[in-house]
There are 2 protein chains.
Amino acid sequence: MTKTTVRAQQPLLPLNQILAGDCIEMMNSLPEASIDLIFADPPYNLQLRGELHRPDNSKVDAVDDAWDQFGSFDHYDRFTRDWLAAARRILKPNGAIWVIGSYHNVFRLGAELQNQGYWILNDVVWRKSNPMPNFRGKRLTNAHETLIWASKGEGAKYTFNYEALKALNEGVQMRSDWVLPICTGNERLKDDAGDKAHPTQKPEALLHRIILGTTNPGDVVLDPFFGTGTTGAVAKMLGRDYIGIEREEAYRKVALKRLEKVRKFDKEALETTTSKRAEPRVPFGQLVERGMLRPGEELYSIGNRFKAKVRADGTLVGNDVKGSIHQVGAHLEGAPSCNGWTYWHFKREGKLVPIDLLRQQIRAELN
Amino acid sequence: MTKTTVRAQQPLLPLNQILAGDCIEMMNSLPEASIDLIFADPPYNLQLRGELHRPDNSKVDAVDDAWDQFGSFDHYDRFTRDWLAAARRILKPNGAIWVIGSYHNVFRLGAELQNQGYWILNDVVWRKSNPMPNFRGKRLTNAHETLIWASKGEGAKYTFNYEALKALNEGVQMRSDWVLPICTGNERLKDDAGDKAHPTQKPEALLHRIILGTTNPGDVVLDPFFGTGTTGAVAKMLGRDYIGIEREEAYRKVALKRLEKVRKFDKEALETTTSKRAEPRVPFGQLVERGMLRPGEELYSIGNRFKAKVRADGTLVGNDVKGSIHQVGAHLEGAPSCNGWTYWHFKREGKLVPIDLLRQQIRAELN
DNA sequence: GCCAGCCCTGAATCCGTAT
DNA sequence: TATACGGATTCAGGGCTGG
């Protein structure tokens, strides 16, 4: 499928809207292979027996809304199977899905993802910096939730903005454990009575990391359990399109109001750090063609242990081996591979300079 | 079943031994309802494709042992079902089980535990302080493994030493995420050739926390995938009895030698489990994710001579230079380095406030 | 004896594009 | 669809060596 084809489908999508209704029916009404990313925070199947009380006897406002009660694992598994299948149909071949859950439901979610052929890329732990303590001292403080990131299948080319996440983590690659506070304070939406509008509102920081890291600007992000619209809000800020599906009118109302107020970030602010792989490829032969290196000139290996001679066709010859800068380097080092650009050096005024410097000059000309 | 009845059965148990053979058969040969705690580290069913090399071209020593190979999820699920059922039969009514896994298998494990009627008490995340990085930059660093702690059924009176774990955690309630280093250095057992004796040896600190927190002295701890015997070693140190089951002769040999040397109440080993707590690193990107600074917002240098704009991935752009708060600061000042935290300021109510203030807020949340 | 620097290693589902 | 090949990619910590 070409980019053009996909783009042509997009006008059919109800972009930046909240669809009212059952998420399975609504997903089934959307065209197949049209969504870049799905974020899903399904009901948790919490097995609460009676009410939970704090030591001071105040009642904990547990997740016991009607939509969160399932009679059995069987019922819950059927529900999980159906919505994951509907999600799978509308995902683009190179799309991906994130689901979040706790130990009550995440093992059912993960197993069913695998059963349907989704390919798990990472499980991620959201480590809450301010969780609710375990009041009775009968278990460990339940201080995290689990997210699963999966592509549509093995071998799919999912989106991963490695460098952007690395930058977000101040230069060290992002790990699978994320320390973030729960959603409180001004960010926590209230209803007209002043109570929290949704029992499990997710923090925007969580969605920021997910959407920044696994989508590109202009992508379509769908959330089948939209709630108060955190996914939509962050998608909008980051210049992505969103589609929300929500059954409960009360939540849709809050979300709508919230989304109206959200502003997209500056274009400049949305540019993120990119990887070298995205830069244009420069064949080594160009350095010779352009006279930056002369045929017959000698190159020196990184530790100055080997040398090789440049040939007019942009290959090297050294120690009776001929081939590309990478092949000759790999052979001399006895290594499975070698980046010739950083391995080979030329001499200028007695100093050894990596040939990558010449590549950078060419790339700079190309802007 | 009364305590007396249980005690009467104990002499029949092969205490403090390593049983040679298949774990399902061996468990089936033990009397029912006789074990207090089971710790199980089953094969993870990793599905590795080719070889993996580090950027320095060295080869990663992968877990490619035959015992980790399963033909399909179906095959793995059958195996899981069978050993979990055998484990369930020998557990005392108030016994408990711990299993450990990664995203490859832990969802199958958790779902099957629930299917069999085990009652999940917590899922626990072992956050590795020194995980292997992701060398190709294609995913998040796989920096954790997941443990599941479950009782034999709903309403069972499992053992939980709340105060002991709280003490181990410097007086604060123990959480469901545990930061511990992987097993390296002298603790890592070597074979006669000097290679690691087992590819997946678990750290004693992990078992220390589990056995201390969820058994009592004199309890019987069984490990059906004994490997090099970490469970047995820690059980012995802590004055519990153990039963190990291991199929591979080479592992049994190493474990036997190890266990002979273990002394009960090894004070030194207890000390190593309490880790020193350093000031947590806070990446600048977190201020952006958390909405403390908005992408597109401007920061001002310490003398208000320069400004720069915040980007969504936590980098800055100013005077055509992009990079971390430290890099951009250093560049603008023409200095070799720069502490961006004290250099950059944001505007609030007309005043310039150093961004370090925001970092302090985050650190305060983290305790 | 101490310190700096080098080397090694850890449960990993780890490439993308052109031909 | 399979093959070829260019060339991008790592963090923390322990142990050892040499000065």
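The shown structure was predicted, so the numbers you read here are calculated from the model rather than taken from an experiment. Atoms considered below: every heavy atom in the structure, side chains included; atoms not considered: hydrogens, waters and symmetry mates. Chain letters run A, B, ... following the sequence lines, proteins first, then strands; residues in each count from 1.
Among the protein residues, B:Gly101 comes within range of no part of the nucleic acid, since none of its heavy atoms lies under 4.0 Å from any strand. The residue B:Asn57 sits apart from the nucleic acid: no heavy atom pair falls under 4.0 Å. Residue B:Thr200 is classed as a base contact, given a heavy-atom separation below 4.0 Å to a base. Note on A:Glu279: nothing from the nucleic acid sits closer than 4.0 angstrom, heavy atoms only. B:Pro131 comes within 4.0 angstrom of a base, heavy atoms only. Note on B:Asn142: only backbone sugar-phosphate atoms sit closer than 4.0 angstrom, heavy atoms only; bases stay farther off. At a threshold of 4.0 angstrom between heavy atoms, the contacts of B:Pro203 with the nucleic acid are absent.
Atom CG in B:Leu48 sits roughly 6 Å away from atom C1' in C:dA12 (whole-Å rounding). Rounded to an integer number of Å, the gap from A:Gln173 CD to D:dC11 P is 5 Å. Rounded to a whole Å, the NZ atom of B:Lys59 is 13 Å from the C1' atom of C:dA12. Rounded to whole angstrom, the span from the CZ atom of B:Phe135 across to the P atom of C:dA12 amounts to 8 Å. Separating the NE2 atom of B:His53 from the P atom of C:dC14 is a distance of 13 Å, rounded to the nearest angstrom. Summarising the geometry, the separation between CD on B:Gln47 and P on C:dA11 is reported as 19 Å, rounded to the nearest angstrom. As a whole-Å value, the separation of B:His144 NE2 from D:dC11 P is 19 Å.
Judged as a side chain to side chain contact (heavy atoms under 4.5 Å, CB included), and not counting sequence neighbours, the contacts of B:Phe225 are B:Cys23, B:Ala40, B:Pro42, B:Pro43, B:Phe79, B:Trp83, B:Asp223. Residues satisfying the salt bridge (charged side-chain N to carboxylate O under 4.0 Å, His left out) criterion with A:Arg290, sequence neighbours excluded, are A:Glu365. With sequence neighbours excluded, the residues satisfying side chain to side chain contact (heavy atoms under 4.5 Å, CB included) with A:Glu271 are B:Arg311, B:Lys322. Listed by chain and number, the residues in a salt bridge (charged side-chain N to carboxylate O under 4.0 Å, His left out) with A:Lys166 amount to none (sequence neighbours excluded). Partners of B:Arg252 according to the salt bridge (charged side-chain N to carboxylate O under 4.0 Å, His left out) rule, which considers only residues two or more places apart in sequence or in another chain, do not exist here. Under the rule for a side chain to side chain contact (heavy atoms under 4.5 Å, CB included), the partners of B:Leu52 that lie at least two apart in sequence or sit in another chain are B:Val60, B:Phe135, B:Arg136.
Applying the 3.5 Å distance criterion, the base of C:dA11 shares no donor-acceptor pair with the side chain of B:Lys128.
Within a heavy-atom distance below 4.0 Å of DNA chain C, the residues of residues 182-195 of chain B found are B:Ile182, B:Arg188. Against DNA chain D, the stretch residues 298-317 of chain A makes no heavy-atom approach under 4.0 Å. DNA chain D lies under 4.0 Å from no heavy atom of any residue of residues 63-77 of chain B.
Along DNA chain C, the nucleotide nearest B:Lys138 and the nucleotide nearest B:Asp56 are compared for position; the residue whose nucleotide lies closer to the 5' end is B:Asp56.
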Scan nucleotides 5-7 of chain C against the protein and return all N/O pairs shorter than 3.5 Å with their distances rounded to 0.1 Å.
none

Quick test: give all pairs of protein nitrogen or oxygen and nucleotides 3-7 of chain D nitrogen or oxygen below 3.5 Å, distance rounded to 0.1 Å.
| from | atom 1 | to | atom 2 | distance (Å) |
| --- | --- | --- | --- | --- |
| D:dG6 | OP2 | A:Ser324 | OG | 2.8 |
| D:dG6 | O3' | A:Arg281 | NH1 | 2.8 |
| D:dG7 | OP1 | A:Arg281 | NH1 | 3.3 |
| D:dG7 | OP2 | A:His326 | NE2 | 2.5 |
| D:dG7 | OP2 | A:Trp341 | NE1 | 3.0 |
| D:dG7 | N2 | B:Arg136 | NH2 | 3.4 |

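In this model, a donor atom of one side chain and an acceptor atom of the other lie less than 3.5 Å apart for B:Ser102 and B:His104.
For the P atom pair drawn from C:dA12 and D:dC5, the interatomic distance equals 31 Å after rounding to whole Å.
By the 30° and 60° cut-offs, the orientation of the rings of B:Tyr251 relative to B:Trp67 is perpendicular.
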Watson-Crick and G-U pairing of DNA chain C written in dot-bracket, each distance under 3.5 angstrom, with | for inter-strand partners = .|||||||||....|||||
